Amino acid sequence: MNRRTMLAALAAMPAACGGLSPSAAIRTALAAAANPRRVGVIGHTGRGNYGHGLDTLWLELPETKIVAVADADAAGLEAAKQRLRVEAGFADYRQMLQTARPEIVAVCPRHPDQHLEMTLAAIDAGARGIYIEKPFCRTPAEADEIRAACERSGAKLAVAHRNRYHPTLQAIDQLVAEGEIGRLLEIRGRGKGDRRGGSEDLWVLGSHVLNLIHYFAGTPRSCSAVVRRGGRAITQEDVRPGSEGLGPLAGDEVHARYETERGIVAYFDSIANDGTGGAGFGLQLIGSEGVIDVDCDRSPLAHLRRGNPFAVDSSATPWVPISSAGAGVPEPRRDLSALVNQHQGPARDLIEAIALDRPPRCDLEEGAMTVEMICAVFESHRQEGRSVSIPLAERSHPLLRL
């Protein structure tokens with residue numbers, strides 16, 4: 001990228017992550033572009049691949065430079081080198097980390113059974129920042145191990161729950177604070193409800209929903225849940241190795257209830273092949289005088305419907321789109337696709353977190369809490385649906401103790 005092109009891009013770039021003025025953001029980005037952060041990419045073709053653009057996003061940031069890529073699959077490695085326009089390619093990510101010494105490491109495979117070792121290796125090699133695909137890891141014990149490593153090294157870790165960086169979330173916060181939906185009574189979340197419905201949906205797509213429940217309701221304090229297969233409660237005989245490296249898995253139906261620090265009760269449900277065509281994927285903030293519907297990974301992200309949601313009314317009000325500027329206001333931003341869908345917001349936030357020595361917006365603690373919330377479902381089911389405290393006392397996978 002030449003200087004003129006870079007200046008034009010930077011001038012159009014909003015100060016989305018740090019709250020900087022446009023001129024300050026340009027100065028900060030120019031300084032970073034003069035000495036770009038070295039990025040190492042870890043993928044594994046055929047074993048989680050490269051996630052949802054977690055590898056290519058760094059090509060679009062003047063303040064970063066991909067210096068190496070690792071992939072244990074030979075053909076996948078060659079393709080990645082071409083795609084990422086980098087010469088240094090390694091079959092062993094440990095060798096890549098020790099040789100290239102990247103400041104930022106993108107842990108891209110979707111299969112979380114590889115995340116612990118990849119992340120620890122990156123931290124041990126001196127990485128200052130890690131951007132990791134979800135699900136973050138498989139158990140609270142794994143999260144504990146990563147947390148301890150980050151605390152020892154000072155490394156910053158961000159989890160790729162990209163909706164967490166959407167500026168419309170702040171507009172929703174304002175609508176709730178101003179009483180646009182009356183008293184917030186509860187939050188209801190759903191997975192996609194496709195063939196993966198139940199426990200797999202809870203991990204793969206429900207992790208996004210649980211992360212947003214954490215955001216809107218505050219830290220979960222307890223969970224009660226039931227997991228079923230074919231309409232009956234799962235038993236040890238139902239437990240199988242999950243697909244996509246998810247670990248032990250069982251059940252095509254999940255129903256969970258969370259109590260949170262703010263006194264808000266939140267629910268998550270997923271049923272395999274539920275017939276909704278995925279329309280329920282997301283969550284609803286249900287108030288006494290209205291509902292806000294948040295549709296994960298869609299545009300617009302959210303809609304508002306005013307009126308008592310429990311009243312039978314033939315003149316129900318329509319759904320009003322919510323933009324980053326508010327309900328019914330046309331979206332003023334033109335960078336949402338790059339900011340959210342292409343992960344540029346999370347990446348820039350991570351870069352700033354490293355520079356300012358602060359947690360990323362969706363940091364290790366948020367990723368770890370999502371894992372706690374998922375494993376709490378299985379722990380509650382193991383205890384016959386009793387409410388279990390979060391964080392969990394037992395840190396290994398509950399289905400191994402079913």
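All values reported here derive from a predicted model rather than from experimental measurement. Just so you know, these numbers use all the heavy atoms, side chains as well, and skip hydrogens, waters and symmetry mates. Starting from 1, each residue takes its place in the sequence as its number.
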message: Counting only heavy atoms not in Gln383 (residues, nucleotides, ligands), do more than 12 fall under 6.0 Å from its CD?
response: yes
field: His44-Tyr50 aromatic ring centre distance below 6.0 Å
entry: no
message: Parallel, tilted or perpendicular: which one describes the rings of His343 and Tyr131, with boundaries at 30° and 60°?
response: perpendicular
- prompt: Out of curiosity, Asp173 CG to Phe216 CZ, how far, rounded to the nearest 0.5 Å?
  reply: 6.0 Å
query: If you measure from OG on Ser337 to CD on Gln344, what distance do you get to the nearest 0.5 Å?
result: 8.5 Å
field: Residue pair Glu244, Arg110: steps toward the salt bridge (charged side-chain N to carboxylate O under 4.0 Å, His left out) verdict
entry: CA-CA 7 Å; Glu244 298 195 359; Arg110 296 189 326 278; 3.5 Å; yes
- prompt: Between the side chain of Thr45 and the main-chain N/O of Asn49, is any donor-acceptor distance below 3.5 Å?
  reply: no
Positive for salt bridge (Lys or Arg N to Asp or Glu O under 4.0 Å) with Arg221, one of Glu261, Glu259, Glu372: Glu261
Inter-residue atom distance Arg229.CZ - Arg232.CZ, 0.5 Å rounding: 6.0 Å
query: Does the side chain of Glu379 come under 3.5 Å of the side chain of His381 through a donor N or O and an acceptor N or O?
result: no
field: Ser270 (side chain) donor-acceptor with Gly198 (main chain) under 3.5 angstrom
entry: yes
message: Checking Ser396 now: which residues fulfil side-chain contact (heavy atoms from CB on, under 4.5 Å) with it, not counting sequence neighbours?
response: Arg401
message: Tell me if a side-chain donor or acceptor on Thr119 pairs with a main-chain N or O of His115 at a distance below 3.5 Å.
response: yes
message: Test your reading of the model: is there a side-chain donor-acceptor pair from Glu186 to the backbone of Ala266, 3.5 Å cut-off?
response: no
- request: List for me each residue that meets side-chain contact (heavy atoms from CB on, under 4.5 Å) alongside Ala250, sequence neighbours excluded, and say none if there are none.
  value: Ile234, Asp238, Val239
- prompt: Counting N and O atoms only, with roles assigned by atom type, does the side chain of Thr260 sit under 3.5 Å from a partner on the main chain of Ala217, one being a donor and the other an acceptor?
  reply: yes
message: Keeping Asp293 on the side-chain end and Gln284 on the backbone end, is there a donor-acceptor pair under 3.5 Å?
response: no
query: So, does Arg162 use its side chain to make a donor-acceptor pair with the main chain of Asn341 at under 3.5 Å?
result: yes
- request: Could you tell me whether Asp113 and Arg47 have a side-chain N and a carboxylate O separated by less than 4.0 Å?
  value: yes
- request: For atom CD of Glu117, decide whether the heavy atoms of other residues, nucleotides or ligands shown that lie under 6.0 angstrom number more than 12.
  value: no
